[in-house]
Amino acid sequence: MTLAPILAASVAVQLHVVAALALIPLTAIQLWRPKRGDWHRWIGWAWVVLMTVTAVSSFWIHGIRLVGPFSPIHALSLFTLANLYLGIRARRQGRITAHKWHMIGIAAGWAGAGLFTLLPGRIMAKAVFGG
């Protein structure tokens with residue numbers, strides 16, 4: 001494992017990586033702790049901020065270009081931002097089940113995208129596996 005590929009990457013990639021990695025423990029905490037109370041709310045807001053940073057920073061990352069400078073990952077970022085809004089709105093309206101499924105959908109998409117970063121040739125694959 002080496003940080004060299006990440007340190008050599010753009011600031012957008014570095015910000016994206018830091019925010020995404022910080023989401024790992026927060027996601028685990030949110031999934032396995034009780035869903036009521038101040039802890040859930042405060043960790044949830046930190047999670048929302050980090051997820052927003054992760055999604056928005058992706059728009060300055062253009063390693064795969066399928067439609068102009070964009071790739072399917074950018075569609076996932078739009079999905080994430082829309083569902084963050086819908087999930088927060090659902091919670092504020094007291095629609096807890098809707099809130100839950102919006103947030104779980106985001107986490108599942110984020111986990112899938114994280115696995116995608118480990119494909120050969122990607123920056124995270126180089127950092128984790130070397131080469």
Side-chain angles (χ1 to χ4, degrees):
M1 185 166 176
T2 177
L3 291 177
I6 296 166
L7 296 174
S10 69
V11 172
V13 169
Q14 294 173 0
L15 178 64
H16 187 78
V17 167
V18 168
L21 290 176
L23 283 164
I24 294 170
L26 292 184
T27 302
I29 290 167
Q30 287 300 76
L31 288 174
W32 286 289
R33 279 189 50 89
K35 304 302 185 264
R36 292 194 168 111
D38 290 340
W39 274 101
H40 185 75
R41 184 173 49 248
W42 286 107
I43 292 169
W45 277 114
W47 189 87
V48 165
V49 168
L50 288 168
M51 192 59 76
T52 301
V53 169
T54 302
V56 171
S57 64
S58 77
F59 293 108
W60 282 269
I61 301 172
H62 305 289
I64 300 172
R65 297 170 183 257
L66 293 180
V67 179
F70 301 108
S71 73
I73 292 294
H74 295 103
L76 179 61
S77 294
L78 292 173
F79 166 86
T80 297
L81 294 170
N83 276 281
L84 284 169
Y85 169 76
L86 293 170
I88 293 167
R89 187 178 76 175
R91 174 58 191 97
R92 288 186 172 169
Q93 294 173 342
R95 297 181 301 116
I96 303 305
T97 301
H99 166 75
K100 171 186 170 180
W101 288 112
H102 283 294
M103 297 309 183
I104 287 173
I106 294 166
W110 165 78
L115 292 174
F116 179 74
T117 67
L118 298 175
L119 290 175
R122 309 277 295 159
I123 291 171
M124 285 305 291
K126 293 175 184 174
V128 172
F129 304 119

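The first residue of the sequence shown is numbered 1, and numbering continues consecutively from there.
- Across every non-hydrogen atom of Ala12 and Ile61, the tightest pair is O-CD1, 4.0 Å.
- A single hydrophobic cluster is not seen to contain both Leu15 and Leu50; linkage of ILVMFWY side chains at heavy-atom distances under 4.5 Å, directly or through other members, places them apart.
- For the atom pair Thr52 OG1 and Trp47 CH2, the distance stands at 9.0 Å (nearest 0.5 Å).
- Placement of Val128 and Leu3 within a single hydrophobic cluster is found when ILVMFWY residues are connected by side-chain heavy-atom separations under 4.5 Å, directly or transitively.
- Considering CG of Leu78 and CD1 of Ile73, their distance stands at 11.5 Å, rounded to 0.5 Å.
- Of all non-hydrogen atoms in Met103 and Val48, the two that sit nearest each other are CE-CG2, 4.4 Å.
- Closest of all the heavy-atom pairs between Ser77 and Ser58 is OG-OG, 2.5 Å.
- Using a 4.5 Å heavy-atom cutoff, the side chains of Met124 and Leu119 are not in contact.
- Residue Trp110 places its CH2 atom among more than 12 non-hydrogen atoms of other residues, nucleotides or ligands, all under 6.0 Å distant.
- When all heavy atoms are compared, the tightest approach of Ala90 to Ala98 is CB-CB, 3.9 Å.
- Atom OG1 of Thr27 and atom CE of Met51 lie 5.5 Å apart (nearest 0.5 Å).
- You'll find the side chain of Leu118 reaches within 4.5 Å of the side chain of Phe129, heavy atoms only.
- No path of Ile, Leu, Val, Met, Phe, Trp and Tyr side chains, each step under 4.5 Å between heavy atoms, connects Val53 with Trp60, placing them in separate hydrophobic clusters.
- The hydrophobic clustering, which links ILVMFWY residues whose side-chain heavy atoms are closer than 4.5 Å, places Leu26 and Leu21 together.
- For the pair Arg89 and Arg95, the minimum side-chain heavy-atom distance is below 4.5 Å.
- Across all their heavy atoms, Leu7 and Gln14 have their closest contact at O-NE2, 3.0 Å.
- Neither Leu76 nor Phe116 shares a network with the other; the hydrophobic side chains, linked directly or stepwise wherever heavy atoms of I, L, V, M, F, W or Y lie under 4.5 Å apart, form separate groups for each.
- Annotation: Lys35, atom NZ; neighbour count of heavy atoms from other residues, nucleotides and ligands within 6.0 Å is above 12.
- Between atom CD1 of residue Ile88 and atom NE2 of residue His102 there is a gap of 11.0 Å, rounded to the nearest 0.5 Å.
- Rounding to the nearest 0.5 Å places CG of Leu86 at 11.0 Å from CG of Leu81.
- When all heavy atoms of Thr54 and Ala20 are compared, the closest pair comes out as OG1-N, 3.5 Å.
- Residue Arg91 places its CZ atom among 12 or fewer non-hydrogen atoms of other residues, nucleotides or ligands, all under 6.0 Å distant.
- Separation of atoms CD1 (Ile123) and NE2 (His16) is listed at 10.0 Å; rounding is to 0.5 Å.
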